[in-house]
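This one's a predicted model, so the numbers in the text were calculated from it and none came from an experiment. Residue numbers begin at 1 in each chain, while the letters A, B, ... track the order of the sequences.
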Number of protein chains: 2
Amino acid sequence: MKENADVSNNPTALVDADAQVESFRQTRNNRRAELVEDYVELIADLIDHGGEARQVDIAQRLGVAQPTVAKMLKRLAADGLIQQRRYRGVFLTDEGKSLAEKSRERHQIVEAFLCALGISLETARIDSEGIEHHVSGETLEAFRAFVIERNGLADTDV
Amino acid sequence: MKENADVSNNPTALVDADAQVESFRQTRNNRRAELVEDYVELIADLIDHGGEARQVDIAQRLGVAQPTVAKMLKRLAADGLIQQRRYRGVFLTDEGKSLAEKSRERHQIVEAFLCALGISLETARIDSEGIEHHVSGETLEAFRAFVIERNGLADTDV
DNA sequence: CCTTAATTATAGCAACGGCTAATTTCTAGG
DNA sequence: CCTAGAAATTAGCCGTTGCTATAATTAAGG
Ligand SMILES: [Mn+2]
Ligand SMILES: [Mn+2]
Ligand SMILES: [Mn+2]
Ligand SMILES: [Mn+2]
């Protein structure tokens, strides 16, 4: 509340430094979590749909090479989010399931929100894949409220 | 156009694989551009406000160490976005100015959009710092239209 | 002019997220 | 039962983004 004092006098003043640092820090943290969230969400989708999540399927869906997936899965296992059985598929731990469910719901809301705004489905899909990881709880609730207001709790009620 | 055929029969089917790959690819590309955009935008802000952009100021604003900034500036210089004068500040090339202006405008629109949605300014600042990099042209125009509709071209008219 | 403090540069480390190439292991068809 | 092909593993490479510690340079004051 120091630099803010004269902001009203100087409309071109820089934003408060401490606040900006906090924004950048938060964004860096979100960035580190992005991949993990995408992986567990995708694994949950594959399991729910086909019964199993194999490295090849994950790699094919993400558009990366299979050893890239293998390395990431080791990290997820070390983090306690998945269980690996050699030459079998991977499975989510309770913690992994919880994160996957949270990520999936948030992703769906962001995508539905963009669609409710009038964005094309294709663009909404692409943009939400990145935006989702940077949406705070407060913003997510605003998105959800907007979707409900527009769509009247239709569809899967998000 | 293969998996899509039976999507209508199975409401819980996975999204089209090709489309999902494209979303992930696009998001990875956006991720690579994030830091560059934040740097040139911040450099432009510092120059516009204080006349120069020094490594120490950039580092302090970003919340990272000074050698981290030094390394990134080398990359920006190699990419033709800035000019460095040893032990002087850094300056934007025409290309750098162009990218900075584009990034700044997009950032402002995203932040104003979140505020127009009813998000608190603090949260809007934090979330927009990450979201901005994943907003396509189509989505940006929708955001801009929404802000204008709500605010009636007030303020700096974004 | 000289010295000191601030700033920048450089060296070297680590984690992450990609990749290719080669090897190992499993599974299914014959 | 054997074997071919698919899948997973392992090894090793690179670029990015962060860090600390240290050296070099500049700018300013006395
Ligand atoms: Mn997602
Ligand atoms: Mn995503
Ligand atoms: Mn920005
Ligand atoms: Mn940003």
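A straight line from CD1 of B:Ile82 to P of C:dT8 spans 12 Å, rounded to a whole angstrom. Whole-Å rounding puts the B:Asn29 CG to D:dT16 C1' distance at 15 Å. Between the P atom of C:dA6 and the CD1 atom of B:Ile58 lies a distance of 19 Å, rounded to the nearest Å. Between A:Glu52 atom CD and C:dT27 atom C1' the separation is 12 Å, expressed in whole Å. Atoms CD (A:Glu34) and P (C:dA15) sit 21 Å apart, rounded to a whole Å. Between A:Arg32 atom CZ and C:dC16 atom P the separation is 9 Å, expressed in whole Å.
The heavy-atom pair separating B:His133 from B:Arg106 by the smallest distance is ND1-NH2, 3.6 Å.
Remark: the backbone N or O of A:Asp94 is not paired with any side-chain donor or acceptor of A:Ser98 at under 3.5 angstrom.
Between B:Lys71 and the phosphate of D:dC19, there is no side-chain N or O to OP1/OP2 separation shorter than 4.0 Å.
Under 3.5 Å, the side chains of A:His134 and A:Glu34 contain a donor-acceptor pair of N or O atoms.
For residues 20-41 of chain B, there are no ring-ring contact (aromatic ring centres under 6.0 Å, His included) pairs, not counting sequence neighbours.
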Ignoring hydrogens and angles, write down the donor-acceptor pairs under 3.5 Å from the side chains of residues 109-129 of chain A, residues two or more places apart or on other chains.
| from | atom 1 | to | atom 2 | distance (Å) |
| --- | --- | --- | --- | --- |
| A:Ser120 | OG | A:Thr123 | N | 3.3 |
| A:Ser120 | OG | A:Thr123 | OG1 | 3.1 |
| A:Ser120 | OG | B:Glu138 | OE1 | 3.3 |
| A:Ser120 | OG | B:Glu138 | OE2 | 3.4 |
| A:Thr123 | OG1 | B:Glu138 | OE1 | 2.5 |
| A:Asp127 | OD1 | B:Ser136 | OG | 3.4 |
| A:Asp127 | OD2 | B:Ser136 | N | 3.0 |
| A:Asp127 | OD2 | B:Ser136 | OG | 2.6 |
| A:Asp127 | OD2 | B:Thr139 | OG1 | 2.6 |
| A:Ser128 | OG | A:His107 | NE2 | 3.3 |
| A:Ser128 | OG | A:Ala124 | O | 2.8 |
| A:Ser128 | OG | A:Arg125 | O | 3.1 |

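A 4.5 Å side-chain heavy-atom check between A:Gln20 and B:Leu42 finds at least one atom pair inside the cut-off.
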Shorter than 3.5 Å, N or O on both sides, protein versus nucleotides 5-8 of chain D: list them out with atom names.
| from | atom 1 | to | atom 2 | distance (Å) |
| --- | --- | --- | --- | --- |
| D:dA7 | O3' | A:Arg54 | NH2 | 3.3 |
| D:dA8 | OP1 | A:Arg54 | NE | 3.1 |
| D:dA8 | OP1 | A:Gln55 | N | 3.3 |
| D:dA8 | OP2 | A:Val56 | N | 3.1 |
| D:dA8 | N3 | A:Tyr87 | OH | 3.4 |

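Between A:Arg28 and A:Leu73, the one whose closest nucleotide on DNA chain D sits nearer the 5' end is A:Leu73. Nucleotides of DNA chain C nearest to B:Pro67 and A:Leu35 differ in position, and the one nearer the 5' end is that of B:Pro67.
When distances are taken from the side chain of B:Lys74 to each of D:dG18, C:dT10, C:dG18, the shortest belongs to C:dT10.
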